[in-house]
Structures are given as C-alpha cells and as structure tokens.
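Remember, it's 1-based here, ligands and their atoms both numbered in the order they're listed.
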Amino acid sequence: MEVGKRIERAGGAVDQPASSVERFRQCVHGEVVLPVDAGYERARKVWNGAIDRRPAMIVYCADANDVIEAVDFARSGNYVVAVRSGGHNVAGLSVCDQGIVIDLSRMKRIEVDPVRRIARAEAGLNLGEFDAATQAHGLATTMGVNSDTGIAGLTLGGGFGKLARKHGLTCDNLIAAEIVTADGQLHRASASENTDLFWGVRGGGGNFGIVTAFEYRLHPVGPMILAGSVSYPYGQARDAMRFYRDFSGNAPDELSLDAALVTAPSGEQFFSVSACYIGPLALGERVIGQLREYGTPVESRFGPVPYLQIQTASDGIFPRGRRYYWKAQFLGELTDTAIDTMLSVYANAPSVSSLLVLQQVGGAIARMSKSETPYVNRDALYDCFPISIWDDPADDDLNIRWARDVWEAVKPFSTGGVYANNLGEEGEDRVRSAYGENYPRLMELKKRYDPTNFFRLNQNVRPAPR
Ligand SMILES: Cc1cc2nc3c(=O)[nH]c(=O)nc-3n(C[C@H](O)[C@H](O)[C@H](O)COP(=O)(O)OP(=O)(O)OC[C@H]3O[C@@H](n4cnc5c(N)ncnc54)[C@H](O)[C@@H]3O)c2cc1C
C-alpha cells in the first residue's frame, strides 16, 4: 500500500507496516483516506486547481485527540506532514506528495458568548461559517474577503479584511489558541499561558504546531453596513488611481478601500474600487460621497448591504478548482510612477480573469508595535499582488510568467516586505521579508517547540542552531 512507501527525510526513511496503519485507523474518531479508497481523488484536492499532489494518507480529524494521534503516527513513521484547514494556500502547502495530510476541515464547532463578546472556534471553520455564527449575534472579528478561506491559515499568518483598519488583524484579535506541538502535546496559549507560543501563533503561521481551536475577541458590526464599488474605463484609470491614492490615504479607520485592475470578458479593462464603511450608515454616506462623485465611472453601486453579503461578494472571482498563481509585496505609498507602471504591465495580462490587486491595510494594524506579534509589516499601506487565474494547464508558463513580471516591475516601489499568507514557495529570503526583525525570535521559538522542523510545509522558519 502507498502508505508503506519509503519517504526520504533528513532523519532517515522508515516503512510503515499495514498493520500499524490499520491500528491507527481504528484509534481515530475521524476518517483516514488512503490512495486505494473511493474518496481519495476528492480528498487530495485543494483550492488551487494547479496543485496536483498525491499524499500517502489523508487524516480527516474529528477532534483534538485525532490531531494528537496523527502527529504521533506521522512522527513515529518519519512522514512528511502537511496541515490543511481551508486548503487555500496558493502554493498548495497544505497537501504533499507521499506524506500525510492532517486535515482539520471537519472540526467546525463554534461557541459564541455574546455577553463577553468572545468566540471559541475550531480550526476547520471557513470564514463564511465563522461570520455567519458571529453575525447571528450582531458581532464579528476581522476575516478575509473570500468566504471559502480557512480561519486557521488566515489567523496564523495575520489576517486582514474589511474590519482590519478598525479592529486590527485577525491575529490581533486572538485571545487564545489550543495547539498540538510536534511532541504530540496539547497546549493552551494565551496572554497568561505559554505566552511565548501565544506570541508565535499570532502571525508565525503553522511553524509551531497544529492549532485545533481559536478564541477570538468580537466587535459589534452591522448587520447592515455601507458598501459598494465603482469602475472606471482604462482611459480614466490613471487619474482615478491617483484619486484613489489620495482618498484612501485620508480614509478613517471605519473605511476600507480595496482596488484592482480588472478585465471584462470582452477584453475591456477597468480600474475598480470597492469601498466598505462599518460605522454609522448616515456618516458613511458623507464619507463615501467624494468617491461616488469622482470622475465618469462606467458603473457605480453603493448602498446599505448586510455585512455577510459583503463577506461573500468576491466568492465568484475565486472558485475552487481554477488555476491560480500570485506574487505579493507591500507598498508604503502609491507614487505616480508606480501607478503608470501598474497600468502598463496590467495591460498585457494574458487571461481576462487575471487581476492586479491593491488591498488597503494601515489604520489599527499600524498602531500596534512591530514586536508585539511576529507580523512585522505594520507600516505598509497596500498589499499589492498580481493574481493570475486561468484554466488550461498548457497556459501555465504564460500566466505564471506574467505575474512574476508584474511583481518585478512593481518591486522598486515596494517596502521590501511581504504578507506571509500571500507567499508561495518562494524560499527563505522571502520568509525573512515577511518577518523582518522578528525572524530571530521566531527561530528561537521554533527551536524550543519544533527542533526537528517536523512542521516544515509552511512559510518555514528554521530552528535556531543549538
Ligand atoms: C481566494 C483567496 C482570498 C484570500 N483573501 C485573503 C484576505 O482577504 N485576507 C487575508 O489575510 N488572507 C487572504 N488570503 C490568504 C489566506 O489567508 C491564506 O491562503 C491562508 O493560508 C488560508 O488559510 P487556509 O486554512 O484556507 O489554508 P490551508 O491551505 O489549509 O493552510 C495553509 C497553511 O496554514 C497552516 N495551517 C493551516 N491550518 C492550520 C492549523 N490548524 N494549525 C497550524 N497550521 C495550519 C499550514 O502551514 C498550511 O500549510 C486569501 C486566499 C485566497 C486563496
């Protein structure tokens, strides 16, 4: 059987006899899927259809106990481990060839305490499920823009979205995490328990163990907020982008302004801004007024909408199974030359589905000190990334090359920093760019909690030398 295959690793290779696989299968409450099983083809898929890997085993954990069993089994068999929650990592780091995928996507319990404004959420929830459960009480915390994304990967790498400028990153709203470390022990990390680990999980990704549940601080949000979008033809895009820069630069924390260069199915290109105001509706009308009145847009739609609707508004752009590639970097400003460069490189996009995105950050994110959590790029104003989206594997090279070329062209305007959650498999230097001055502390923490680098299919921080 596949799981008996030899897997080469630094520590040597070990065969796993079929009997021990059977024993393991019986001691987990969830499901173990092997290549011979009917559900294997579906189970090995992740969000990005360009990823095609064949793990030796997929363990759908039902509870924290299953996670412990899976970690112990993988460690004793010397298997490579991938950890999967929402399966959204763009480079497919949550699935591997030959090794074991420890999947938490069926762990979806959530308890909301509306009085204390706290939610305890298991790691398998996606953003849509989390938002629905918390909005049932008129509450929310920062989550991303695509409801199919997992809360786990998003939180562990930072997490920004429409609420971040007002309420901080998702990881800034983390109160506690329950985490299984490489030795198979379950810990609780919070401001008063395992404080070093608590520091590490607020941005340090999956480096220190497998988080089984998160506890978040919630805020009153909605249920109705003011939101909408406006699109300008490419001929007006240069001026509209300059206006966007000035308008977003003066935006209050309640206002989040993402923007993108986009292409219609006809091939016509546009600059589009989406605005979301989470304060009082009447005040929002005044704040957004200037944007509504600017230029001669081809489309302009604003009005009160349910927060939950906004949180799913981008879902259609990023369906599971299409082919995706992106390369991101933070910008500290949007100069005239940067704008001209973006307009010129986007014009050559080989696929009508591809985008050049500016996701606005700043606000409350920037007011926290850089050493408070591993997430260091707090002074950035925009996360800028070309997103290649296509379907035919024959077009892989063309689309990947375009995104890389765009990234290179924009690089002179970058802060040099990158968001860990938007990294692909880009090497150690880029991981260092995600963590900057916090990198040495992460290495020390890695040495303490994962000295053999058992959890290494991630934005990997190497353990500090002994
Ligand atoms: C369409 C789309 C939209 C996005 N929008 C946003 C956005 O608006 N804001 C934003 O901040 N990010 C956004 N992202 C990036 C997103 O935060 C990352 O892709 C994130 O890793 C997704 O989490 P996941 O659980 O789905 O990932 P997975 O692919 O399941 O996991 C990614 C990595 O996270 C780690 N991991 C996952 N689960 C666990 C766990 N339980 N314990 C320990 N480690 C774990 C592992 O290292 C794994 O390799 C977006 C991504 C996509 C694809």
Would you mind finding which of [options] brings a heavy atom closest to [atom]?
atom	options	answer
atom 35 (C) of ligand 1	Gly206, Ala213, Gly161	Gly206
atom 4 (C) of ligand 1	Thr149, Val67, Leu125	Thr149
atom 3 (C) of ligand 1	Ile179, Asn146, Asp103	Asn146

Exercise. Between the side chain of Arg165 and the main-chain N/O of Pro252, is any donor-acceptor distance below 3.5 Å?
Worked result: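 A pair under 3.5 Å: yes.
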Could you establish whether [X] and ligand 1 come within less than 4.0 Å of each other, counting only heavy atoms on the residue side?
X	value
Gly159	yes
Phe208	no
Met143	no
Ile210	yes
Ser105	no
Gly158	no

- Message: Can you tell me which residue among Asp52, Asp392, Asp396 is in a salt bridge (charged side-chain N to carboxylate O under 4.0 Å, His left out) with Arg323?
- Response: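 Of the listed options, the one satisfying the test is Asp396.
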Heavy atom under 4.0 Å from ligand 1: found in [X]'s side chain, backbone, both, or neither?
X	result
Tyr419	side chain
Gln459	neither
Ser85	both
Phe455	neither
Phe214	neither

If you measure only the distance, is there a donor-acceptor pair under 3.5 Å linking the side chains of Lys370 and Asn438?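 Result is no, nothing qualifies.
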Enumerated ligand 1 atoms positioned under 4.0 Å from heavy atoms of [X]:
X	answer
Ser94	28 (P), 29 (O), 30 (O), 31 (O), 49 (O)
Trp47	1 (C), 53 (C)
Arg84	30 (O)
Gly209	42 (N), 43 (C)

(Q) How far is atom 7 (C) of ligand 1 from the closest protein heavy atom, and which atom is that? (A)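 Minimum-distance protein heavy atom for atom 7 (C) of ligand 1 reads Phe160 O, 3.4 Å.
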Can you say whether the rings of Trp47 and Tyr324 are parallel (under 30°), tilted (30 to 60°) or perpendicular (over 60°)?
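Parallel: the ring planes of Trp47 and Tyr324 meet at under 30°.
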Look at the aromatic rings of Tyr382 and Tyr244 and report parallel, tilted or perpendicular, splitting at 30° and 60°.
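Plane angle between 30° and 60°, so tilted.
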Does atom 33 (C) of ligand 1 have a protein heavy-atom neighbour under 4.0 Å away?
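Not a single protein heavy atom is under 4.0 Å away.
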Tyr419 and Phe160 aromatic centres sub-6.0 Å: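 Judged by ring-centre distance (under 6.0 Å), Tyr419 and Phe160 do meet the cut-off.
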